[in-house]
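Reminder, nothing fancy here: chain letters follow the sequence lines and each chain counts from 1.
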Amino acid sequence: MNCIKNNQIVELCWLERPSAEVAPDLIGCSLVRQMADGEIIRGLIVETEAYGENDPACHAYRRRTGRNSVMFGEAGRTYVYLIYGIYHCLNVVTDRDGVPSAVLIRALQLESVPRWINERDRVKPSRIAAGPGKLCRALQIDSTLNAQVLQPGQPLWLEHRSSEFTPEIVQTTRIGLTQGIDLPWRWYLGNCSAVSKL
DNA sequence: AATATGATGTAA
DNA sequence: TACATCATATTT
């Protein structure tokens, strides 16, 4: 069965694969944020990391908890968590029901600067969403958006990259970890100024 | 290069 | 109770 329809919306079953397969496929796709008032902010996904089963860096490695429970569910929901008590991080839940796994969205290239971002913050537009905490701040994503289904009409959804767009994808090890540091599960768009680190 | 920030989970 | 954490801005 072909899960992808003629439109460009990401069907949830497209995410029903191991996170390390989905993460590079998400590079070049768009993340769409719709605010309560209908305003839409779109960003190109330029950096991702995979987290999965038997992965010591995954929040679900030990056991199911209140925070990580959505990762055990079906693909296509958000997993938003608070890190260091300050920043939020956005993940896309992947793989089959019962398999805890997700893709961390680490950086976006925004199509437009949200009106609530101060011009005088003097940050280059390409750096506004260059990092998992920064992109959540830029798109006003917090824990109230946890466990939401990624489909149009919801606060967040995904759109496929166009078929002629074949991004140059670089694969490296993940960032900020003390465990699972050798797994090459980070991907980013080559020659892109909006990634968190080169 | 070091530090402050602080919710949540894990270890003690 | 104490400590580490999928990060970032600010200060040394």
Residue from A:Leu135, A:Leu158, A:Asp25 passing side chain to side chain contact (heavy atoms under 4.5 Å, CB included) with A:Ile45: A:Leu158
Ring-base stacking, A:Tyr84 with C:dA7 (5.5 Å, 30° cut-offs): yes
A:Arg62 side chain near B:dA11 phosphate (N/O to OP1/OP2, under 4.0 Å): yes
Spacing between A:Ile181 atom CD1 and C:dT5 atom C1', to the nearest angstrom: 15 Å
A:Arg96 with A:Glu16: basic N within carboxylate O range, under 4.0 Å: no
Heavy-atom pair of closest approach, residues A:Leu139 and A:Arg33: O-NE, 2.7 Å
Nucleotide C:dT8, atom P - distance to CG of A:Leu90 in whole Å: 13 Å
Residues A:Arg42, A:Glu159: salt bridge by 4.0 Å N-O rule: yes
Separation of B:dA7 P from A:His88 NE2 (nearest whole Å): 10 Å
Electrostatic pair A:Arg106-A:Glu49, nearest N-O below 4.0 angstrom: yes
DNA chain B-proximal residues of residues 187-198 of chain A, any heavy atom under 4.0 Å: none
Candidates B:dT8, B:dG6, B:dT10 - which lies nearest the side chain of A:Thr65: B:dT10
Between A:His59 and A:Tyr51, ring centroids under 6.0 Å: no
Heavy-atom pair of closest approach, residues A:Arg137 and A:Trp116: O-NE1, 4.4 Å
Sugar-phosphate only, base, or nothing, as touched by A:Arg174 at under 4.0 Å among non-hydrogen atoms: nothing
Closest to the A:Ile86 side chain, choosing from B:dG9, C:dC6, C:dA7: C:dA7
Consecutive-pair stems (3 or more, Watson-Crick or G-U, under 3.5 Å) for DNA chain B: B:1-5 with C:7-11, B:7-11 with C:1-5
Residues from residues 92-113 of chain A lying under 4.0 Å of DNA chain B - heavy atoms: none
Whole-Å P distance, C:dC3 and B:dT3: 16 Å
Pairwise distance OG(A:Ser19) to CG(A:Asp55) - rounded to 0.5 angstrom: 7.5 Å
Touch class at under 4.0 angstrom, heavy-atom based, for A:Arg63 against every strand present: sugar-phosphate
A:Arg137 side chain near C:dA7 phosphate (N/O to OP1/OP2, under 4.0 Å): no
Aro-ring/base stack A:Tyr51-C:dC6, d under 5.5 Å, angle under 30°: yes
Same-atom distance (P) from B:dA11 to C:dC6, integer angstrom: 14 Å
Residues A:Arg115, A:Glu39: salt bridge by 4.0 Å N-O rule: yes
Crowding at CG, A:Asp97 (>12 non-hydrogen neighbours, <6.0 Å): yes
Side-chain touch A:Asn91/A:Val103, heavy atoms, less than 4.5 angstrom: no
Conformer about C1'-N of B:dG9 - syn within 90° of 0, anti elsewhere: anti
Pairwise distance CH2(A:Trp185) to SG(A:Cys58) - rounded to 0.5 angstrom: 9.0 Å
